Amino acid sequence: MLAEDSVLLREGLVGLLGRCGHEVVSAVGDARALVSAVAEHAPDIVVTDVRMPPGFQDEGLHAAVRLREERPALPVLVLSQYVQRMYAAELLDSGDGTGVGYLLKDRVGQVEEFVEALRKVADGGTVVDPEVVRQLLRRRRDPLEQLTPREREVLALIAEGRSNGAIARELVVSEAAIGKHIGSILTKLDLPPTDQTHRRVLAVLTYLRA
């Protein structure tokens, strides 16, 4: 089962897998179709991208985590250009702990390497790109360590429920400066793209858990 929004790459992978002796029971271009196709075809393994329609954020990876929750023994191999740290960690911890992989497209050097990773995951093994491991290890450290002292101060005031204007008055700076600090905080905490209010809530939760 293959999920990839790029038509050229999707068709290329279908042809490649076919030449290597694998049958692609379905090839889809978005996360919703992926979930439906898995229910219909019950594949031996799912290969999916991370960013897919409609939002091109983390739909594919989120769908993979959901599928593993529903089918703990379903092998899933993520093949993407990006490391989405939040759901990557959930994916690797999902299901029964077997048959999972996360590879970066740009770092797969040979066809044989990809096919071998596919075989290993289908057989219940785990294959993770070293760059994915590195980024996940970074995530396990104190998430606030990258913040400057002023950014920590701003985040603490956000946690108290202060508005941007109230924080600016408290710290005797412009509201625009506070907006820049908040933008930097959200970026450094690697929060998933969503509306600004929700990201502020996630930032506060990160602060309270640290």
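Being a predicted model, the structure only gives us computed values, none of them experimental. This chain uses plain numbering: 1 for the first residue, then up along the sequence.
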N/O donor-acceptor pair under 3.5 Å between Lys105 side chain and Ser80 backbone | no

For residues 63-76, which side-chain N or O atoms pair as donor and acceptor with protein atoms under 3.5 Å away, sequence neighbours left out?
unit_1: Arg66; atom_1: NE; unit_2: Glu70; atom_2: OE2; d: 3.4
unit_1: Arg68; atom_1: NE; unit_2: Ser94; atom_2: OG; d: 3.0
unit_1: Arg68; atom_1: NH1; unit_2: Leu74; atom_2: O; d: 2.9
unit_1: Arg68; atom_1: NH1; unit_2: Thr98; atom_2: O; d: 2.8
unit_1: Arg68; atom_1: NH1; unit_2: Gly99; atom_2: O; d: 3.2
unit_1: Arg68; atom_1: NH2; unit_2: Ser94; atom_2: O; d: 3.0
unit_1: Arg68; atom_1: NH2; unit_2: Thr98; atom_2: O; d: 2.9

Looking only at non-hydrogen atoms, find the nearest pair between Met52 and Gly60 and report the distance.
-> CE-CA, 3.8 Å

Ion pair check, Asp5 and Arg51, cut-off under 4.0 Å = no

Separation between CD of Glu170 and CD1 of Ile178, rounded to the nearest 0.5 Å | 10.0 Å

Hey, what do you get for CD (Glu160) to CG (Leu155), rounding to the nearest 0.5 Å?
-> 10.5 Å

Donor-acceptor under 3.5 Å (Glu59 side chain, Gln57 main chain) | yes

Is any side-chain heavy atom of Tyr82 less than 4.5 Å from a side-chain heavy atom of Asp58?
-> no

List the atom of Asp30, the atom of Pro53, and the distance in Å for their closest heavy-atom pair.
-> CB-O, 3.8 Å

Any side-chain heavy atom of Leu171 sitting closer than 4.5 Å to one from Leu157?
-> yes

Check: Leu144 main-chain N/O paired with Arg152 side-chain donor or acceptor under 3.5 Å = yes

Is the backbone N or O of Ser6 less than 3.5 Å from a side-chain atom of Glu4, with the two atoms forming a donor-acceptor pair by type?
-> yes

Please collect all salt bridge (charged side-chain N to carboxylate O under 4.0 Å, His left out) contacts where either partner lies in residues 174-187, sequence neighbours excluded, each pair once.
-> none

Which pair of non-hydrogen atoms, one from Leu61 and one from Ala88, has the smallest distance, and what is that distance?
-> CD2-N, 3.5 Å

Out of curiosity, Phe56 CZ to Asp49 CG, how far, rounded to the nearest 0.5 Å?
-> 9.5 Å

Flag side-chain contact, heavy atom, 4.5 Å: Val173 against Arg150 = yes

State the CD1-CG distance between Ile185 and Leu147, to the nearest 0.5 angstrom.
-> 6.0 Å

Residues, nucleotides or ligands: over 12 heavy atoms within 6.0 Å of His22 NE2 | yes

Single hit among Glu151, Gln146, Glu145 for side-chain hydrogen bond (donor to acceptor under 3.5 Å, both in side chains) with Lys188 | Glu151

To the nearest 0.5 Å, atom CG of Leu92 lies from atom OH of Tyr102 at 9.0 Å

Carefully, step by step, assess Asn164 and Arg169 under the rule side-chain hydrogen bond (donor to acceptor under 3.5 Å, both in side chains).
-> CA-CA 9 Å; Asn164 286 15; Arg169 290 190 294 274; over 6 Å; no

Using the test side-chain hydrogen bond (donor to acceptor under 3.5 Å, both in side chains), find all partners of Asp44 that sit at least two apart in sequence or belong to another chain.
-> none

